[in-house]
Undergrad: 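My structure is below; once you've seen it, I'll send some questions.
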Number of protein chains: 2
Amino acid sequence: MSGQADTLHRRAPLSRQRILSAAVALADAGGADALSMRKIAQGLGVVPMALYKHVANKDELLDGMIDLVVAEIDPPAVGADWKSAVRLRVLSARRMLLRHPWAAGVIEARLKARTAPTPAVLAYLDSMIGILRAGGFPVELVHHAMHVMGSRVLGFSQELFEDASGREPDPDALPPEEMAARYPHITELAMAVAHDRESVVGPGCDDQFEFEFALDLTLDGLERLRSAS
Amino acid sequence: MSGQADTLHRRAPLSRQRILSAAVALADAGGADALSMRKIAQGLGVVPMALYKHVANKDELLDGMIDLVVAEIDPPAVGADWKSAVRLRVLSARRMLLRHPWAAGVIEARLKARTAPTPAVLAYLDSMIGILRAGGFPVELVHHAMHVMGSRVLGFSQELFEDASGREPDPDALPPEEMAARYPHITELAMAVAHDRESVVGPGCDDQFEFEFALDLTLDGLERLRSAS
DNA sequence: CTTGTCGGGTGTACGGCGTACACCCATCCT
DNA sequence: AGGATGGGTGTACGCCGTACACCCGACAAG
């Protein structure tokens with residue numbers, strides 16, 4: 001009976017996988033800031049230090065989380081030309097990053113901190129390079145191409161003007177006329193975009209469209225370089 | 001005499017500017033992690049809470065720091081065509097970011113946290129837009145262009161393969177043959193690049209070159225769009 | 001059946017963080 | 001002379017990551 005009862009009121013045994021999943025769920029829900037060893041442990045009904053029997057420390061846990069979400073990116077399409085293969089891959093990466101908004105920041109921070117990339121990231125980069133090589137890019141150009149896509153390799157595209165609409169009016173925001181006087185070009189652009197979208201859907205700009213626009217511009221540029229041998 | 005003595009053993013009076021400068025210096029020296037209210041205060045010979053008489057909280061302090069470093073970016077060149085004007089500006093921004101390695105991350109985090117951009121950032125964006133407008137870009141295209149340059153507007157270009165050479169050999173790194181087997185394309189590329197550079201300078205790739213390569217590819221793409229009206 | 005080892009969960013504690021709040025004192029205006 | 005005020009102080013709270021000692025149940029060897 002004790003065995004029975006235990007399975008009822010005692011949590012399933014901890015494991016690295018269960019911890020990572022809980023961590024990802026927590027980060028998905030509350031952002032990277034809401035992620036703490038203590039909160040993860042609490043969510044698993046366990047004392048914080050228990051986690052350290054399965055992950056070395058928080059850094060290693062973050063690495064594990066990254067691996068988990070990067071593995072969600074679709075495998076490369078087979079039999080497609082390099083351009084659409086890359087396109088699909090990057091868009092898949094972007095979808096992943098939209099599902100896990102914390103991931104872009106964490107991956108970047110990790111790359112910047114000069115810790116070695118995790119296996120899943122390496123695999124992703126490797127297969128991306130493979131697509132380009134198979135598409136006829138000479139090695140040197142692949143190298144440049146990877147740099148060109150830069151952070152975009154992982155589907156980044158920090159939206160600089162992150163949709164200001166729908167935000168409660170900032171009490172100490174500049175009045176519109178002062179805004180227009182001080183930043184005439186931003187204002188012009190903002191108004192044009194607003195007017196543009198108004199006739200289509202809601203306010204703000206279509207991030208997805210902008211993303212694909214930028215992506216295609218880059219891909220076209222690379223294609224030109226490639227065909228010039 | 002007390003006045004004299006005071007000026008000798010007492011620190012100059014605190015001020016928002018002095019705090020911001022100290023904070024920037026500290027971040028420059030030790031990275032964003034080394035930046036804490038307590039450390040800043042200590043560096044100024046003052047108790048931590050004293051800072052709060054001049055800045056509302058750490059977030060506002062970060063905003064102030066951003067403003068300070070963004071203001072270091074060169075003003076736009078006058079009388080240049082749009083392309084070289086943008087090019088110079090972005091390269092100047094990049095130089096600033098190399099001087100203050102913490103800045104890119106902080107700015108990005110701030111943009112992502114949907115806090116309003118600081119005045120200096122707004123001014124930078126505004127003048128960047130102004131360059132494009134003056135160069136003959138229609139508003140809509142400027143909008144797209146700003147998205148295209150994306151994080152690169154501020155000179156970003158996260159180097160994905162942050163020069164692995166000169167790092168002490170990671171104890172649990174894969175042996176080269178396994179590396180080659182598992183990530184054939186990365187390996188190929190790494191070897192090609194290494195061989196390439198070997199004949200020129202040190203190992204690793206020339207980040208500055210790669211940055212300008214990517215930048216020019218983007219600018220050329222934009223120019224094509226512009227001239228197509 | 002005993003006994004020893006050991007993997008995994010626990011409890012306590014430390015040092016660091018941001019910052020709320022009460023305080024105190026020098027300065028200056030009246 | 002006196003009261004207000006602005007800037008530096010001290011204490012304290014609640015978070016954080018994690019080192020370290022502990023303890024207990026399961027399982028292997030005798």
Side-chain angles (χ1 to χ4, degrees), chain A residues 1-23 26-27 29-66 102 105-106 109-110 113 115, chain B residues 1-23 26-27 29-66 102 105-106 109-110 113 115:
Chain A
M1 134 185 176
S2 81
Q4 267 288 48
D6 274 355
T7 62
L8 284 181
H9 65 71
R10 186 190 284 254
R11 302 254 172 246
L14 232 39
S15 80
R16 186 179 162 86
Q17 276 313 309
R18 267 171 48 75
I19 293 177
L20 291 180
S21 307
L26 211 159
D33 306 343
L35 191 78
S36 80
M37 291 301 197
R38 291 169 140 97
K39 298 245 191 69
I40 299 170
Q42 183 177 329
L44 279 87
V46 102
V47 87
M49 285 311 292
L51 306 180
Y52 288 86
K53 289 287 155 67
H54 302 269
V55 299
N57 50 45
K58 193 176 183 181
D59 266 13
E60 209 225 39
L61 178 133
L62 287 174
D63 278 349
M65 294 171 65
I66 290 176
W102 51 272
V106 173
R110 207 127 246 78
T115 65
Chain B
M1 127 183 174
S2 80
Q4 266 290 46
D6 273 357
T7 62
L8 284 183
H9 65 72
R10 185 189 286 253
R11 303 252 171 246
L14 232 38
S15 80
R16 184 178 163 88
Q17 276 313 308
R18 265 171 48 76
I19 292 177
L20 291 180
S21 307
L26 211 160
D33 307 343
L35 190 78
S36 80
M37 291 299 197
R38 291 169 141 98
K39 298 244 191 70
I40 299 169
Q42 184 177 330
L44 274 74
V46 103
V47 86
M49 285 310 292
L51 306 180
Y52 288 86
K53 287 289 156 64
H54 302 269
V55 299
N57 50 46
K58 192 177 184 182
D59 266 13
E60 209 225 41
L61 177 132
L62 287 173
D63 278 349
M65 294 171 66
I66 291 176
W102 51 271
V106 173
R110 208 127 245 75
T115 65

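These numbers were taken from a predicted model, which means no experiment stands behind them. In what follows, chains carry the letters A, B, and so on, assigned in the order in which the sequence lines appear, proteins first and then strands, with residues in each chain numbered from 1.
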Undergrad: Q42(B) CD to dG8(D) P: how many Å, rounded?
TA: 17 Å
Undergrad: When rounded to the nearest 0.5 angstrom, what distance separates CG in L20(B) from CD1 in I66(B)?
TA: 11.0 Å
Undergrad: Nucleotide by nucleotide, 5' to 3', does protein get under 4.0 Å of the base (B), only the sugar-phosphate (S), or neither (-) in nucleotides 12-17 of chain D, counting heavy atoms?
TA: B---BB
Undergrad: Nearest-Å distance, CD1 (I40(A)) to P (dT18(D))?
TA: 11 Å
Undergrad: For the helix from dC1(C)-dG30(D) to dT30(C)-dA1(D), figure out the bend between the end axes, five pairs an end, and round to 10 degrees.
TA: 10°
Undergrad: Once side-chain contact (heavy atoms from CB on, under 4.5 Å) is applied, do any residues pair with A32(A), and if so which ones, sequence neighbours excluded?
TA: W102(A)
Undergrad: Show every salt bridge (charged side-chain N to carboxylate O under 4.0 Å, His left out) that has at least one partner inside residues 32-51 of chain B, sequence neighbours left out.
TA: none
Undergrad: Phosphate oxygens OP1/OP2 of dG6(D): is one of them under 4.0 Å from a side-chain N or O of H54(B)?
TA: no
Undergrad: Without decimals, in angstroms, what is the distance between L61(B) CG and dC17(C) C1'?
TA: 14 Å
Undergrad: What I'd like to find out is whether the side chain of L35(B) reaches to under 4.5 Å of the side chain of L62(B), using heavy atoms alone.
TA: yes
Undergrad: Report the residues that fulfil side chain to side chain donor-acceptor pair (under 3.5 Å) with N57(B), sequence neighbours left out, ordered by chain and then residue number.
TA: none
Undergrad: Which atom names give the shortest non-hydrogen contact between L26(B) and A34(B), and what distance separates them?
TA: CD2-O, 3.1 Å
Undergrad: Of all the choices, dT18(D), dT9(D), dG9(C), which nucleotide is nearest to the side chain of A50(B) once you look at every atom?
TA: dT9(D)
Undergrad: Quickly work out the M49(B) CE to dG7(D) C1' distance and round it to whole Å.
TA: 12 Å
Undergrad: What's the CG-P distance between L44(B) and dT9(D), to the nearest Å?
TA: 11 Å
Undergrad: Determine the minimum heavy-atom distance between A23(B) and I40(B), stating which atoms define it.
TA: CB-CD1, 3.8 Å
Undergrad: Which heavy atom of P48(B) sits nearest to which heavy atom of A41(B), and what is that distance?
TA: CA-CB, 3.4 Å
Undergrad: Considering heavy-atom distances to DNA chain D, does D59(A) or K53(A) have its closest nucleotide positioned more toward the 5' end?
TA: D59(A)
Undergrad: Which residue pairs pass the salt bridge (charged side-chain N to carboxylate O under 4.0 Å, His left out) test when at least one of the two sits in residues 48-64 of chain B, sequence neighbours left out?
TA: R16(B)-E60(B), D59(B)-R110(B), D63(B)-R110(B)
Undergrad: Separation of E60(B) atom CD from dT19(C) atom P, in whole Å?
TA: 11 Å
